[in-house]
Structure formats: structure tokens, C-alpha cells
Protein chains: 2
Amino acid sequence: MALGKNYERQDCSFARALELLGERWTLLLVRDAFYGVRRYADFLAHLDIPRAVLAERLRTLTEAGVLARQRYSDNPPRHEYVLTARGRELWSVFFPLVQWGDRHLSTIGPRRLFAHATCDTLLEPTGTCGRCGRLVPPEEIEVRPGPGAQSDLRDDPVTQALRTPRRLLEPLF
Amino acid sequence: MALGKNYERQDCSFARALELLGERWTLLLVRDAFYGVRRYADFLAHLDIPRAVLAERLRTLTEAGVLARQRYSDNPPRHEYVLTARGRELWSVFFPLVQWGDRHLSTIGPRRLFAHATCDTLLEPTGTCGRCGRLVPPEEIEVRPGPGAQSDLRDDPVTQALRTPRRLLEPLF
DNA sequence: CGCCCATGGTTCAGTCAACGAACCGAAAGA
DNA sequence: TCTTTCGGTTCGTTGACTGAACCATGGGCG
């Protein structure tokens, strides 16, 4: 949303969260991070986001403690961006919004399905497992292609990797 | 967020939901609608949103079926904007984000508390009632000023009305 | 060594949306 | 008639996003 930063007169947790997360592209980065995207080039390929905006959002999210910048190679020095505990808590925001979109904005059906991996059972709209009834943390969730995955507009490495079931948060590559 | 409208290459329920809801001010309108704000002038007073942007967002949300435009006076013809069932479903997105903001972005503590009105008990972070354990729909929720409500930066009629406990969705005026 | 490539950025000119102040029109009230 | 309220529209300015080009570091290869 390119939300401006000036909700300052809205002193409310919700407005503050939106200042950080409501900017254009930001929540899509969080989505991709749940899917296991970690590297600059992969975010870039999957999102078609301008490079300058990507760099800035990664910096903002890192400063806010939603992502952590971790070195994965010394020669050459390379970093990847991983969701922190604070970032993983955003699953409780992300999942309901996906559900809402699936219910009201989708024609062909969900593009991705989410299942409790250990129970092999789809999640309820509340985010609980249909079998064991527990509220499932993202670490235990598997993403699978859903009926809406047929019409794949794009064909980058990330999209390809997501055509097979994956555990959330596990690196795609 | 002034999110642009062009996530079209991100054919995903989440991206589509963000196209609609991710634009700057939009989710703050939804928040205020939960709090019982219904009229153009009241949104304006509470949000300091440019009038043109407010008019456009109300139109977009109405077209998307999140808000309904209802006539409440014939002479002069006046309308108010009320959350539809589809809009009320956004409670499951709104509440976790408020909680997240309270946990991570608030210094003084929650500005508003949410309670199951019939049980007179605060909601759990999951949105269930701490006493009866049910997932509470917004119609049964009471908003109350929390510890963070001390520092009220603004003093419009909406802010004043919210200084006393209120049932969600009930019109403020 | 010299050349090319991969990765992860920065720079910059153009565009488009948000901002905010002014204006507008209908209706009611004094 | 004059003023106020409500719900907008218009419009010039500002600021963020866009997209293409450029850059820096560090391999890998002949």
C-alpha cells in the first residue's frame, strides 16, 4: 500500500502495525517468507518488485524485528532473510486473510491449501487442525497446491518449487 | 497503504485481498466501522483522512461488498456505511493484528481491551472468550479503554465516545 | 592475468496516488 | 435571506513507487 508513515495521530496498536506492515509489498514479503523464500534474488523473481523497494522493505522489516538477516556464506558474504518469532506470529494475521480472500475474491478456488503436517489434515478456517483440534503453528503446516493453482501466470523458480507440497518456513532452495 | 492495484501477476487470494484492503486508510476505515463509526463526517473527524480519499475508499469498499450504503434520512437524503457480513468476517484478521501490535509495538500497553460482553471476560489472543471458550463474533464483543488510552492525542467526538465501553458494530451516535 | 557471471544492492528520471485547501449543492433552521 | 450541516468534487503540490541502468564484491574458468 505504500502506506505513508504518518498515522502518528492514530495512536493505536492497529495503526502502528499498519504503519509497518501496511506498506505496499510488505505483507507479500512476509507471505513469501512463510513459503520459504529467503534470498533477495528469489523475492525479486517471485514478486516483480522494484529492487529499491525490496531493499528498503527488507531493511524496515529487519529493523522492526520481523525478519532477521543471517549470513549463510562468508566468501562471498551473503545474507538471507528469515522470519523471527515475532514474524512467525503474523501467521495468525496472514492465514485469516488468505481464507477471507479465498471465500470472497476467488473464482476458481483456493490456490494453496494448508494442512497440519503431522495429522495430514486440512486446517479449519480458525487455523486449528481438523483432526487433532489444536491451533497449529506455522512450523507444522504444509502448503499444497489447491484447485486454483492450475492457472499459473508465472514461472519463476519460487512458483515452480511451490508446485510440490512444502513445509512452511523451510528454505525453498 | 496506497497499495497500487497492480498485484495482478500475484494471482493469489492473499494478494487479491491486499489489492482491496491493503490500500492506505482502508483497514482503518474497517476498524472504525467495527467501533460503530458509520458516517462520512465521523470517519473524517476521527481519521484526518483527505476527503477525496475517504470518498473513494468508501466507494471501493461498498463495491466490494465490505460495507453497505444505507439511507438513514430522506430529507435531506443521507447515507451511512455499515459493515456487511463479509465485512464483519474481517474481525478474524483485525483482531490478531491488534494483538500483534499490542505485543510488539506498544510501550504503554493496549489502548483498547476487548471482552465477551455476555461473559464479561477478556478475549484470549486467539479471539476466544476466556470464560466460555467460544470463538466470539464481533456482535458480542465490548470495547473498553485499556491502560494505553491515557495518552489521547485527539479529541474528536468519536474518540470521546470510545472512552466509555461500547458494543462493537453498534452505532456510536 | 583477463573476462564473464551471480548476487545484492544504489541511483535517477518519470509517473501516479495522496495530501490538503478550496469550492460546491442540497436541505434545514433562524 | 443568511447560515450551518452533510457529503461530497476539484485541483495544484508533494512524495512514494516504478523500472531501467549502473555498480561493487567475489568467485570460476581459460
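The basis for the numbers below is simple: all heavy atoms, side chains too, and nothing from hydrogens, waters or symmetry mates. As the structure is a prediction and not an experimental result, all values here were calculated from the model. All chains are named by letter (A, B, ...) in the order of the sequence lines, taking the proteins before the strands, and each is independently numbered beginning at 1.
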| request: Just compare C:dA27, D:dT18, C:dG8 and give me whichever is closest to any side-chain atom of B:Asn75. | output: C:dA27
| query | Looking at residues at least two apart in the chain, or sitting in another chain, which of them share a salt bridge (Lys or Arg N to Asp or Glu O under 4.0 Å) with A:Arg51? | reply | none
| remark: Note: for B:Ala52 and A:His79 on DNA chain C, the residue whose nearest nucleotide lies more 5' is A:His79
| query | What nucleotide, of D:dC17, C:dC19, C:dG9, holds the atom closest to the side chain of B:Val53? | reply | C:dC19
| Distance below 4.0 Å between B:Arg57 side-chain N/O and C:dA18 OP1 or OP2 | yes
| field | Short side-chain N/O contact to C:dA6 OP1/OP2 from A:Arg39, under 4.0 Å | value | no
| query | Does A:Glu139 pair with A:Arg88 as a salt bridge, N-O distance under 4.0 Å? | reply | yes
| request: Check every atom of C:dG8, C:dA28, C:dT10 against the side chain of A:Arg78 and return the nucleotide holding the closest atom. | output: C:dG8
| said: Could you check whether atom CZ of A:Arg131 has more than 12 heavy atoms from other residues, nucleotides or ligands sitting under 6.0 Å from it? | reply: no
| request: Using a strict 4.0 Å threshold on nitrogen-to-oxygen distance, state whether A:Arg163 and A:Asp155 make a salt bridge. | output: yes
| Between C:dT10 and A:Tyr40, is there an OP1 or OP2 to side-chain N/O distance shorter than 4.0 Å? | no
| said: Applying salt bridge (Lys or Arg N to Asp or Glu O under 4.0 Å), can you list everything that pairs with B:Arg134, at least two apart in sequence or on another chain? | reply: B:Glu140
| query | When the nearest nucleotide of DNA chain D is assigned to B:Tyr81 and to A:Arg51 on a heavy-atom basis, which residue is associated with the more 5' position? | reply | B:Tyr81
| message | Looking only at side-chain N and O atoms, does A:Thr159 offer a donor or acceptor that is under 3.5 Å from a partner on A:Arg154? | response | no
| said: Is A:Tyr72 close enough to C:dT7 that one of its side-chain N or O atoms is under 4.0 Å from OP1 or OP2 there? | reply: no
| task | Name the residue closer to the 5' end of DNA chain D, choosing between A:Pro76 and A:Pro50 according to the nucleotide with the nearest heavy atom. | result | A:Pro50
| Sub-4.0 Å heavy-atom contacts from residues 58-66 of chain B onto DNA chain D, ordered by number | B:Arg59
